[in-house]
**Q** 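Mind looking over this structure? Questions follow.
So that the names make sense, note that chain A is the first sequence line, chain B the second, and so on, each numbered from 1.
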Amino acid sequence: VSARRGWLAAVLLPALLCVGVLAAMPTAERGFPHQAHARLFPTCEGCHAGAVTGDAAALYPAAARCARCHDGGRAGRVAWQPPAPRASNLRFSHPEHREVAGDEAPADCQACHAIGDGPMAVGAAEPARCLACHAHAGDSHLAATVACARCHLPLAEATTLPAARVAALPRPPSHETAGFEGSHGAAARTGASCAVCHARESCERCHANAEALPEITRLAPDPRIAALERGRVPRYGVPASHRGAWGEAHGAAATRQIASCANCHTRPSCTGCHQQGEPGAGAVAARAIAALPLPPGAAVRAAANGATAVHPPDFAGRHGGAAASGKLECASCHRAQQCADCHGGADARGFHPLNFMERHAAEVFAGTGSCQSCHSTETFCRDCHTGAGLGSGGHMSAAFHTGQPLWVLTHGQAARIGLESCASCHRQQDCMQCHSAAGGWGVSPHGPGFAAGRLSARNAEACRLCHFNNPVRSP
Amino acid sequence: MSAAARRALARLTSPTSLASLASLASLTVALVAGPAPAAAQAVRIAGSTSIRYVEVRPLERDSLLAGEVAGEGLLRQMADGRVLRCIPGEAFCRDVRPGAAVSALPVIQDLEVSAWGFGEGVRGFAQLRGRSVWSGSSDLWPQSGDAFDLLAAYAELERARFRLRAGRQWQVSGLGFYNFDGVAAAVRPAPAAWLEAYAGRSLMRGLNEPRTGGALAAIETLAPPEPGVLAGVQARYRPGARLALGATYQVDFRADGRGVYSELATADGSLRLGGGAVEGSVEADLAAGGINEARLRARSAPLAATVLHAEVRRYRPYFELWTIWGAFSPVGFDEARGGAAWSGDRGRLLVRGEASYRSYGDAAAADAAAAADFRTAGWGAGTTVSWAPRLGWRLEGAWRVETGFGAARREAHAGVVRRLGTAGTLAVHALAFQRAYEFRLEEGTVLGAGAEASLRLSDRARATGGFSAYHHPGARAAAVDWNQRRGHLRVQWLVGPEPGHGGAAGAAGVTGPGTAGGQR
């Protein structure tokens, strides 16, 4: 038995080493005429000692060794140079394979590197040779069932891989499936495959709680990934649970699994509505919110993506008082621009529905929109109404108001109730044609209980618009 | 700021609208592509370019010989539905009717610039708006003749206990939104308290111009003779999670000291009780005396996935004292409103309903007897249904009817929204409505349909657009002929980093480093 083992060690092991060495050689080196040198180099490790020792520098012989024979005399000169080490994230070690083979099954270089018959008929190893022993669990290279780490190094250890190669790493089909953004956590917790393509910075872009998640912290940081991620805006998918009446229903979910919320949300996401870190509905414990990580800005991005419907359905029309009282920390989620979108004037698409400007009369009469919160009805409205032909121009024919006979004589009640509407088309002088005591017919517009003294005290100049002299002496 | 940026800023006050729009664009380019700021400094610019197609049939006054109008009485209706007013003794009957269609392409360019990193809590902020009309009449869109508006431009110093602002700024309170040129100082004497005082030259609300500016004089022959000075104080107090209180006093007086344009005060509060909340607010006109508006609103979720709300409200119109309207003794209404919202099917189905009733005050007008048929009460009701049968799809429907003093409406709306992941949305909708308002006889039901799309151009840019058309049978009898079309296109973008995220690193580009083919 011992003689047989010796034979194996003497013959098979060197052969196995040769194949392994050649497997690591780039394609361009396949042209080296191994078979022509068969009698000169009886063993593989004679030239490829690094395959035995693991020394990458000794994986190929020095060019000077060729010149011992190819000196221009005994043999013609050659220009062969050992290839530069190849940048790769493959997990392969010649010495490890040699050790695995051991004495019981000595490694055979040709087992992987043979390209023909004969001891020196060798070349680069094909991946299929790897799979002969290392069975691939998937039906494709990037199949989700494959443990990538069996053959590939973690990215942080593949230091020879340049940033461009890292950026061009292929995206597995599993990452394209619907809902992957929300479901990849389980895979991250159980498998090491993530580290083959990702580093800690990959996760930190979106995960506000990255420092608290072991599946992220166990990933090594990597400057190549950091450079690629810098400045990229995180992208948050909208979970199916967040649709519909999520604003009312999220409390229970937050109480049950606040840690899950922290994957995308930070404390401002909650305190934007729940005062001082406590909930409005009493469902979420304050300490749970307080435990959320607090990197700045993440809440802003989540809100901008429309990830959550925080406010009740009718909030847009009723938030004025809430915003004014400081009850809501609007600025924790909204930029000032979002206020101006609605409150900046005519181009108010965010607040008013489409074509609101042409359909707003009923709302104005109803007073549901509180127009005066943003607009001066006697100026802003009239500016537009004039352009649309609604400006009165001082006409007394009342031809527009066809719903009421004798409109000029009977408009008093309508005017007092809907005076804002009158002022949106009529100038003050239209009314003063009749109601001015100075230049009109002196028809008094003042109703019962009119506080003439109070108004005169505040602005006597306004009285003089209709009266020659201030009819009220200031108290 | 680069020289190019300074030149662009200087040109913004150019008298021509197109030049102002071009200057806004130049300023954007100069700020983005100009010299890189120092390491700790950064600029964020948000822009919005909006182009609309507006088609309107402006009202025109018309007349017919009285002998050509059949019938008798003050109001006579023609066979085609036109209603004319025929004053006895006059040779002509008159009416107001829609004229020929005119259209316009108003363009609005908004820029919001925020710069920080000049020291702890120091920030500069500006909000600019340029307007132009590329084609058609400039009268069809509000303020289209105003080529440039500086809505806000201020410097800010904010620390843990105080905040100072100087420049053109918005003051937001329970009184609404006020724009002024001046200073504002706020302190936080305690974590739960906020006190702010502000003063400066007041601007006309909605016009963003001084009271003596040309915009107001163009539409009102009795414009205020003097600029206004706005001053006010605001206090907020939140002693706990359940209670919030706020109060504001504000006066806008003539610069010559000969009176006030307005003097207002407001107070509001919110109390959270169990699963609900009670909110209240009151706004008083101290100049004319009386309450402009008072609200009390309660909200509760007594059942799972169900929210109920109720509100009572008193409202009385308010006018500034540079006009005569406040002396006309305006009266308002009292209103009660209630509704419910329910969600089912794991949140995919949302149903809302609301109803309201209001009673108008006694106008005590001398002609009340003659106008006894005027409505003294109004009511409204409506419901909305939203259903998401599967991910990315949403169906919406709404119906509403409302009758009030001087106006009434009835309308129904339906739509389908398709969300294309993060790429954008597509939506189509259809509607039908009837309206009557301004004490005018109206006929006809308007039918409309349209489509809208929203497209994500990048992580920080989005475009939206849409088109809708309306068909109005029987339009000849109506004041507003709704045989019209509308269109809009809007591009919104953001450049620069978020504060606290990488400083100036991302200031130069819309997106970060290239992402092609990479999985990182």
**Q** How about B/Phe328 and A/His435: do any of their side-chain heavy atoms sit closer than 4.5 Å?
**A** yes
**Q** side-chain contact (heavy atoms from CB on, under 4.5 Å), that's the test. Do A/Gln428 and B/Thr323 meet it? Break it down for me.
**A** CA-CA 7 Å; A/Gln428 297 178 77; B/Thr323 72; 3.7 Å; yes
**Q** So for B/Arg254, is it side chain, backbone, both, or neither that comes closer than 4.5 Å to the heavy atoms of chain A?
**A** side chain
**Q** Can you find a heavy atom in the side chain of B/Pro317 that is under 4.5 Å from one in the side chain of A/Glu420?
**A** yes
**Q** Indicate yes or no for a side-chain donor-acceptor contact from A/His446 to the backbone of B/Ser329 under 3.5 Å, with no hydrogens or angles considered.
**A** no
**Q** Distance from B/Thr221 atom OG1 to A/Asp430 atom CG, nearest 0.5 Å?
**A** 8.0 Å
**Q** Check whether any side-chain heavy atom of B/Trp325 sits under 4.5 Å from a side-chain heavy atom of A/Cys431, and report yes or no.
**A** yes
**Q** Let me confirm one number: the CD1-SG distance from B/Ile324 to A/Cys463, rounded to the nearest 0.5 Å.
**A** 11.5 Å
**Q** Under 4.5 Å from any heavy atom of chain B, what part of A/Leu419 do you find: side chain, backbone, both or neither?
**A** both
**Q** Are A/Arg427 and B/Leu222 packed together at the side-chain level, in the sense that at least one heavy-atom pair is separated by less than 4.5 angstrom?
**A** no
**Q** Check B/Ala363 against A/Gln413 and note the closest heavy-atom contact, atom names and distance.
**A** CB-CG, 3.6 Å
**Q** Does A/Asn459 reach the main-chain N or O of B/Val260 with its side chain, forming a donor-acceptor pair under 3.5 Å?
**A** yes
**Q** How close do A/Ala462 and B/Leu321 get, heavy atom to heavy atom, and via which atoms?
**A** CB-O, 3.2 Å
**Q** Tell me, do B/Trp322 and A/Glu461 make a side-chain contact under 4.5 Å, heavy atoms counted?
**A** no
